Amino acid sequence: MISRFKKSSKICSLFYRNYESSSSNSPGVFTSVLNENDEDLENLRTDDTITEIKNTFDIKRWPYYIENGLQKVYPYNFKHSTYCKGRWVNRTLIDVYSNDFSLFPKEEIERRISTGILKVNGKIVNYDYKLKHSDALSSEVHRHELPILACAIEVIFEDDDVLVINKPASMPVHPCGLYRYNSAIFVAEHQLKLEILHVIHRLDRLTSGVIMFAKNRKKSQELHEDMKLGSIKKEYLCRVEGEFPDGVVVCNKPLKHMHYKVGIALVNPTGKMSITEFQKLSFNGNYAFGPEKGKHGVFHKNVDELMQDLINKHLKEWYMYDINENDHQAEIDANLKKLLSSMNSYSMNKDLLDTVYKKDPSRLAFLKDCYFCLHDFQDPRPSNLFMFLHSYKYKTDKWEYQTEIPIWASDNWDVM
């Protein structure tokens with residue numbers, strides 16, 4: 001049963017360790033995910049990405065600039081082509097692009113289909129065209145990527161085969177949706193001047209912490225095998241409302257993924273066996289977001305409501321809506337801004353800010369047929385970029401990688 005504490009709005013730091021069964025492939029491994037969630041992986045830079053035909057883009061110079069503490073990407077033309085996924089077969093083109101993608105509203109998708117910007121097998125088709133196996137879908141877009149927190153990539157370990165970084169919150173691991181250059185793999189390649197990296201596993205966009213990349217196909221296959229066999233142990237830190245019980249709490253239940261884009265898993269008898277140990281690290285006894293926390297929402301929610309909360313947190317197109325900020329939300333964002341400014345990991349070298357990251361207005365081209373050029377989108381609030389969840393340690397019998405403990409997980413931190 002999933003529930004939230006009704007009376008207590010105090011905060012404690014939790015540590016949890018996860019051991020996944022080796023009876024089936026890990027959700028983070030391409031051989032498993034490509035069949036079930038490949039719209040998120042279709043641009044992954046790996047030889048295992050068999051669904052991608054060819055993607056081209058015209059940006060050849062340094063793609064980034066910094067504005068208002070955010071790393072932004074200059075708009076660029078992007079051509080994307082992919083084969084029809086299995087779950088799209090017999091569905092209409094308008095249905096797939098309206099429900100499986102969230103880049104444009106339905107009216108804009110209809111315009112793109114009718115004008116031939118979006119084609120099937122190189123031809124203009126009707127909205128109600130039913131997709132078939134082996135159909136090739138292609139489209140062009142003047143891509144405007146979403147901003148992320150401006151920060152330097154922290155390297156935990158690097159040799160000829162592996163790169164391990166402390167991924168900042170706000171950036172996805174790999175290209176997806178309106179993120180490409182602002183994904184961890186591209187940012188690492190640009191900042192560290194590396195060649196093509198191979199994604200080994202994923203973290204949610206808002207989650208920070210340990211991420212491993214392989215530098216060659218051999219090491220990629222080796223680490224993927226470790227993932228599939230369940231030999232990699234993962235340890236996370238999180239901050240929650242309420243006082244968690246003392247001692248070790250073990251969840252030894254089969255988990256089934258209910259929403260792959262966000263990574264929501266629930267206890268389900270048809271799921272995959274997983275063992276997770278939870279242990280309280282500290283409890284500061286302070287209120288979470290001030291004395292009026294209890295006035296701004298219902299604390300007892302059913303599973304569907306909690307799932308929708310998580311989906312909205314990760315996927316809501318905040319950039320398409322006007323800011324409707326109440327006092328409670330303003331307090332949360334003010335505290336998060338204070339937190340981020342106190343963390344060295346969310347900062348950039350001033351010399352870089354004045355040179356390579358300096359905004360060049362001449363590169364902000366306006367195209368009259370571009371949906372994003374024709375609309376003004378807001379910058380994200382701190383709460384759109386951060387959550388109290390951190391990938392602290394990944395280890396096997398052969399190696400171990402870990403980060404420092406974030407300031408918000410320390411015993412004496414009481415900003416929120």
Side-chain angles (χ1 to χ4, degrees), residues 28-31 33-34 38 40-66 71-74 76-82 143 145 148-168 170-203 205 208-227 232 345 348-349 351-352 355-357 363 391 394 396 398-399 401 403:
V29 178
F30 299 145
T31 52
V33 181
L34 279 173
D38 42 10
D40 283 345
L41 298 175
E42 62 192 10
N43 293 326
L44 279 177
R45 301 176 67 172
T46 167
D47 296 332
D48 296 315
T49 311
I50 57 175
T51 56
E52 181 182 1
I53 304 173
K54 184 180 181 182
N55 293 324
T56 60
F57 40 96
D58 68 355
I59 191 163
K60 299 178 175 64
R61 293 181 287 173
W62 184 258
Y64 308 111
Y65 67 96
I66 304 297
Q71 176 172 291
K72 300 183 178 181
V73 176
Y74 293 105
Y76 58 94
N77 294 319
F78 183 79
K79 297 180 181 180
H80 175 251
S81 300
T82 187
R143 176 167 281 184
E145 296 201 19
I148 60 175
L149 291 168
C151 53
I153 292 293
E154 176 192 349
V155 176
I156 299 172
F157 174 83
E158 183 178 8
D159 62 13
D160 292 338
D161 297 315
V162 176
L163 171 70
V164 185
I165 67 169
N166 182 3
K167 184 187 85 69
S170 78
M171 67 175 68
V173 173
H174 55 74
C176 58
L178 289 174
Y179 300 90
R180 187 175 182 85
Y181 284 99
N182 262 348
S183 63
I185 187 169
F186 272 80
V187 174
E189 288 176 357
H190 279 78
Q191 286 193 13
L192 304 176
K193 297 179 173 57
L194 296 173
E195 298 297 328
I196 291 177
L197 297 171
H198 300 255
V199 176
I200 303 303
H201 62 110
R202 299 184 297 172
L203 292 177
R205 178 176 63 87
S208 58
V210 175
I211 275 289
M212 300 182 296
F213 296 111
K215 291 186 174 181
N216 53 66
R217 181 171 176 79
K218 180 180 179 181
K219 192 64 178 182
S220 174
Q221 291 175 331
E222 177 187 324
L223 291 172
H224 283 159
E225 192 63 27
D226 287 339
M227 284 283 185
I232 296 180
S345 55
M348 296 288 285
N349 184 297
D351 291 338
L352 293 178
T355 55
V356 67
Y357 283 102
R363 296 182 63 185
S391 170
Y394 273 55
T396 67
K398 298 176 289 185
W399 47 260
Y401 307 121
T403 71

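Bear in mind that the values here come from a model prediction, so they are computed numbers and not experimental data.
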Problem set entry | Lys219 vs His198, side chain to side chain contact (heavy atoms under 4.5 Å, CB included): CA-CA, chis, key distance, verdict | CA-CA 9 Å; Lys219 192 64 178 182; His198 300 255; over 6 Å; no
For this session: Dump the intermediate steps for side chain to side chain contact (heavy atoms under 4.5 Å, CB included) on Ile66 and Lys72, then the final yes or no.
Result: CA-CA 6 Å; Ile66 304 297; Lys72 300 183 178 181; over 6 Å; no
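- A salt bridge links Lys215 with Glu158; the closest basic N to acidic carboxylate O contact falls under 4.0 Å.
- With sequence neighbours excluded, no residue forms a side-chain hydrogen bond (donor to acceptor under 3.5 Å, both in side chains) with Ser170.
- Scanning all heavy atoms of the two residues, the minimum distance from Ile200 to Leu223 falls at CG2-CB, 3.7 Å.
- Put simply, CD1 on Ile153 and CG on Leu163 are 9.0 Å apart, with the number rounded to the nearest 0.5 Å.
- If you look at Tyr357 and Trp62, their ring centroids are closer than 6.0 Å.
- In this structure, the ring-ring contact (aromatic ring centres under 6.0 Å, His included) partners of Tyr401, at least two apart in sequence or on a different chain, are Phe157, Trp399.
- Between His174 and Phe186, the distance from one ring center to the other does not fall under 6.0 angstrom.
- No side-chain donor-acceptor contact under 3.5 Å links Glu189 to the backbone of Leu194.
- The CG atom of Asp226 lies 5.0 Å from the CD1 atom of Ile232; values are rounded to the nearest 0.5 Å.
- Closest non-hydrogen pair, Ser183 versus Val173, comes out as CB-O, 4.0 Å.
- Remark: Lys167 pairs with no residue by the salt bridge (Lys or Arg N to Asp or Glu O under 4.0 Å) rule, at least two apart or across chains.
- Distance alone, capped at 3.5 Å, is enough to place a donor-acceptor pair between the Gln191 side chain and the Cys151 backbone.
- By the 4.5 Å heavy-atom criterion applied to side chains, Glu145 and Tyr181 are counted as neighbours.
- Rounded to the nearest 0.5 Å, atoms CD1 (Ile185) and CZ (Phe213) are 5.5 Å apart.
- Going from atom CD1 of Ile156 over to atom CD1 of Ile165 covers 8.0 Å, rounded to the nearest 0.5 Å.
- Between His80 atom NE2 and Arg180 atom CZ the span is 8.5 Å, to the nearest 0.5 Å.
- In this structure, Arg143 forms no cation-pi arrangement with Tyr76, as its terminal cationic atom is not both closer than 6.0 Å to the ring centre and no more than 45° off the ring axis.
- Pro63 is listed as a side-chain neighbour of His190, based on a closest heavy-atom distance under 4.5 Å.
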Problem set entry | Residues Val164, Val210; criterion side chain to side chain contact (heavy atoms under 4.5 Å, CB included); working and verdict | CA-CA 7 Å; Val164 185; Val210 175; 3.9 Å; yes
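- Closest approach of Leu203 to Ser208, counting heavy atoms only: CD1-O, 3.8 Å.
- Using a 4.5 Å heavy-atom threshold, the side chains of His201 and Ile211 count as touching.
- Using modelled atom types, no side-chain atom of Gln71 and backbone atom of Tyr64 make a donor-acceptor pair closer than 3.5 Å.
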